[in-house]
2 protein chains.
Amino acid sequence: MLKKSLEPLPTPSPRGRKAIKVEPRIILDAALKVFAEQGVAGANLRAIARGAGCDPALIYYHFGSKEGIFEALLDELFGELQRELAKVVGETTGQPTQERMRQVMDLIVRQLRTRGRGLQGIARGEVVAGAEGTRISIAKRLRPILDLLRQVFAEGMAKGEVRADLPLPILPFFFLRPLVEILELIPVMSAHLSDFPPEEALAMALTAWFDLFWNGASPSQERGDRLLPAVAKSPL
Amino acid sequence: MLKKSLEPLPTPSPRGRKAIKVEPRIILDAALKVFAEQGVAGANLRAIARGAGCDPALIYYHFGSKEGIFEALLDELFGELQRELAKVVGETTGQPTQERMRQVMDLIVRQLRTRGRGLQGIARGEVVAGAEGTRISIAKRLRPILDLLRQVFAEGMAKGEVRADLPLPILPFFFLRPLVEILELIPVMSAHLSDFPPEEALAMALTAWFDLFWNGASPSQERGDRLLPAVAKSPL
DNA sequence: GCCAAAATTCAACACGCGATGAAAATCGCC
DNA sequence: GGCGATTTTCATCGCGTGTTGAATTTTGGC
């Protein structure tokens with residue numbers, strides 16, 4: 001055990017047998033990494049504890065259970081994204097919708113990437129064992145984020161900058177899900193398959209996705225007829 | 001044990017202690033269900049064996065390991081999808097690209113849904129523990145399917161029916177991934193959140209996605225400038 | 001100074017899981 | 001009919017995992 005005077009510790013001092021002070025923050029960081037890399041079912045508490053440099057029992061002390069630390073992590077990550085997103089949406093009010101969404105996309109990409117694949121790994125957590133619970137947890141936290149995007153699209157529709165015949169309830173989903181997948185899969189694909197270095201491939205894919213989202217795959221001179229009948233917007 | 005004369009069994013007869021004949025096909029069906037519902041890490045062989053009505057050891061006998069049965073399942077499902085897809089692509093040669101892709105989408109949706117969520121559950125398997133191996137397995141089998149889609153897009157570009165400035169290597173990905181996600185998430189969202197019955201919500205979402213893919217979110221009178229510089233097609 | 005609370009580690013429990021070898025039953029070949 | 005091959009179940013192993021209570025150490029209130 002390090003001598004107290006050598007320990008860069010905030011108050012209070014560590015307690016317990018041969019104790020080293022490990023803040024819950026450090027445990028959450030380690031958890032993010034392990035959950036992202038191995039999924040929720042595949043992740044285990046001993047790996048998180050090793051990453052944090054503490055005993056697995058301390059995780060139970062602070063977070064109650066494996067599920068508890070996962071929920072805490074979701075609260076933190078989605079909360080942070082939601083706050084930053086609300087800020088961007090507020091700050092861009094009045095700007096053209098595509099410009100607003102470009103800044104939204106930049107924020108989402110930045111948030112997802114500075115967390116070392118954490119959030120995107122966890123956002124795909126719906127596939128894991130106990131997925132129904134996980135899916136509900138994630139969906140609950142994703143809702144306000146989708147609502148913010150929906151607000152931007154709704155304002156865009158009012159301004160005539162977004163097609164009003166698209167189903168507003170799921171339009172944010174169409175925008176966001178491919179985005180999350182691009183961040184995960186394009187670097188992997190490009191590393192194996194492409195002549196582009198991964199960073200360029202990612203940037204190109206993001207730009208391409210943004211363009212495709214707004215302009216579609218049809219050449220402009222052969223713009224398809226509207227395929228959608230006018231639909232009443234459902235109260236999502 | 002059922003009397004032999006009562007057992008609806010194909011040849012040969014069951015062997016071993018108190019044996020009931022369980023075909024590998026039945027085991028694969030049970031495996032599909034368990035992997036889809038619980039993910040690869042969350043799935044266990046005893047659950048598969050219970051579903052199939054046999055002993056877990058029989059799974060080892062026929063498939064060698066947990067990974068072995070998973071790989072066998074991937075071979076079967078992706079192989080089937082690939083054959084059906086190649087058939088549709090062949091049969092629609094010469095038709096307009098949007099019509100071809102509509103039939104492609106119909107096939108993919110039909111295949112993904114008749115397997116009781118099996119393939120889409122497994123297609124998201126990249127998140128599970130040991131995901132790198134799983135990811136490679138799935139990517140390997142997904143490649144020829146993406147290649148078929150890419151062929152359709154390439155022919156469409158040659159005919160001027162698809163924008164030639166979009167990155168062909170990842171365009172099938174842009175089309176396919178949201179599709180897979182729609183099948184999984186829209187019914188869940190709609191069941192909880194929408195006034196639409198799930199089937200109508202799904203149909204609406206698929207139509208909306210198809211429209212958005214081709215025509216983009218911009219109103220036609222405000223079609224955005226091309227955001228993409230012309231890019232050399234990478235040799236994917 | 002005492003004592004309860006807090007926070008850490010240690011040791012262990014109970015259980016699930018992938019995997020395996022032996023036992024048992026049937027088949028087909030000779 | 002004997003025997004090897006095949007295929008099924010049974011019993012078990014070794015290990016990992018979530019979780020918990022006891023032990024230990026420190027802190028702060030009184």
Side-chain angles (χ1 to χ4, degrees), chain A residues 1-5 7 9-28 30-31 34-35 38-72 128-130 133-134, chain B residues 1-5 7 9-28 30-31 34-35 38-72 128-130 133-134:
Chain A
M1 180 178 79
L2 293 174
K3 286 177 178 171
K4 185 173 166 60
S5 60
E7 290 168 356
L9 294 174
T11 56
S13 293
R15 311 179 188 193
R17 189 182 301 176
K18 301 175 186 167
I20 299 172
K21 174 71 177 177
V22 176
E23 293 279 0
R25 156 85 278 123
I26 303 299
I27 300 175
L28 281 172
V34 172
F35 281 129
Q38 305 184 33
V40 180
N44 68 74
L45 292 168
R46 286 169 175 77
I48 295 172
R50 282 196 299 276
C54 69
D55 191 87
L58 189 60
I59 299 174
Y60 286 89
Y61 180 80
H62 285 299
F63 298 99
S65 66
K66 182 178 181 182
E67 180 185 353
I69 190 169
F70 183 62
E71 295 282 315
V128 300
T134 307
Chain B
M1 179 177 80
L2 292 174
K3 286 178 179 173
K4 185 172 166 62
S5 60
E7 289 168 352
L9 293 175
T11 55
S13 293
R15 309 179 189 191
R17 190 183 302 177
K18 303 176 186 168
I20 299 172
K21 174 73 176 174
V22 176
E23 292 280 0
R25 156 85 279 120
I26 302 300
I27 300 174
L28 281 170
V34 173
F35 281 130
Q38 305 183 34
V40 179
N44 67 73
L45 294 168
R46 286 169 176 76
I48 294 173
R50 281 197 299 276
C54 68
D55 191 88
L58 189 60
I59 299 175
Y60 286 91
Y61 179 80
H62 285 300
F63 298 98
S65 65
K66 182 180 183 183
E67 180 186 353
I69 189 167
F70 183 61
E71 295 281 315
V128 299
T134 306

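Chain identifiers are assigned alphabetically (A, B, ...) following the order of the sequence lines, protein sequences preceding nucleic acid strands; residue numbering begins at 1 within each chain.
Remark: A:I26 CD1 to A:L58 CG distance equals 12.0 Å, nearest 0.5 Å. To the nearest 0.5 Å, atoms NE2 (A:H62) and CD1 (A:I69) are separated by 9.5 Å.
Separating the CD1 atom of B:I20 from the P atom of D:dT9 is a distance of 7 Å, rounded to the nearest angstrom. In this structure, A:Y61 atom OH and D:dT25 atom P are separated by 17 Å, rounded to whole Å. Look at CD1 on B:I26: it is 16 Å from C1' on D:dT7, rounded to the nearest Å. We find that CD of B:Q38 is positioned 14 Å from P of C:dG16, with the value rounded to whole Å. If you measure from atom NZ of B:K18 to atom C1' of C:dT26, you get 17 Å, rounded to the nearest angstrom. Between A:I59 atom CD1 and D:dG18 atom P the separation is 9 Å, expressed in whole Å. Rounded to whole Å, the distance from CZ on A:F63 to C1' on D:dT19 is 16 Å. The separation between B:R15 atom CZ and C:dA25 atom P is 14 Å, rounded to whole Å.
Phosphate proximity of D:dT19 to A:Y60: present, with a side-chain N or O under 4.0 Å from OP1 or OP2. In this structure, B:K21 does not reach the D:dT7 phosphate: none of its side-chain N or O atoms is under 4.0 Å from OP1 or OP2. The shortest distance between the side-chain N/O atoms of B:S65 and the OP1/OP2 oxygens of C:dG18 is not below 4.0 Å. For C:dA6, neither phosphate oxygen OP1 nor OP2 lies less than 4.0 angstrom from any side-chain nitrogen or oxygen of A:H62.
The minimum heavy-atom distance linking B:K66 with B:V40 is given by the pair NZ-O, 3.0 Å. Closest approach of A:A43 to A:F35, counting heavy atoms only: CB-CD2, 3.6 Å. When all heavy atoms of A:A41 and B:A41 are compared, the closest pair comes out as CB-CB, 4.1 Å.
Of the candidates B:V22, B:I27, B:L28, B:I59 forms a side-chain contact (heavy atoms from CB on, under 4.5 Å) with just one, namely B:I27.
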Measure all distances between protein nitrogen or oxygen atoms and nitrogen or oxygen atoms of nucleotides 2-4 of chain D, and list the pairs falling under 3.5 Å.
none

Could you list all N or O pairs between the protein and nucleotides 11-17 of chain D that sit under 3.5 Å apart?
from: D:dT17; atom 1: OP1; to: A:N44; atom 2: ND2; distance (Å): 3.0

Extract all donor-acceptor atom pairs below 3.5 Å that involve side chains of residues 45-55 of chain B and protein atoms in other chains or at least two apart in sequence.
from: B:D55; atom 1: OD2; to: B:A57; atom 2: N; distance (Å): 2.8

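Side-chain contact between B:S65 and B:F70: absent, with no pair of heavy atoms (C-beta onward) separated by less than 4.5 Å.
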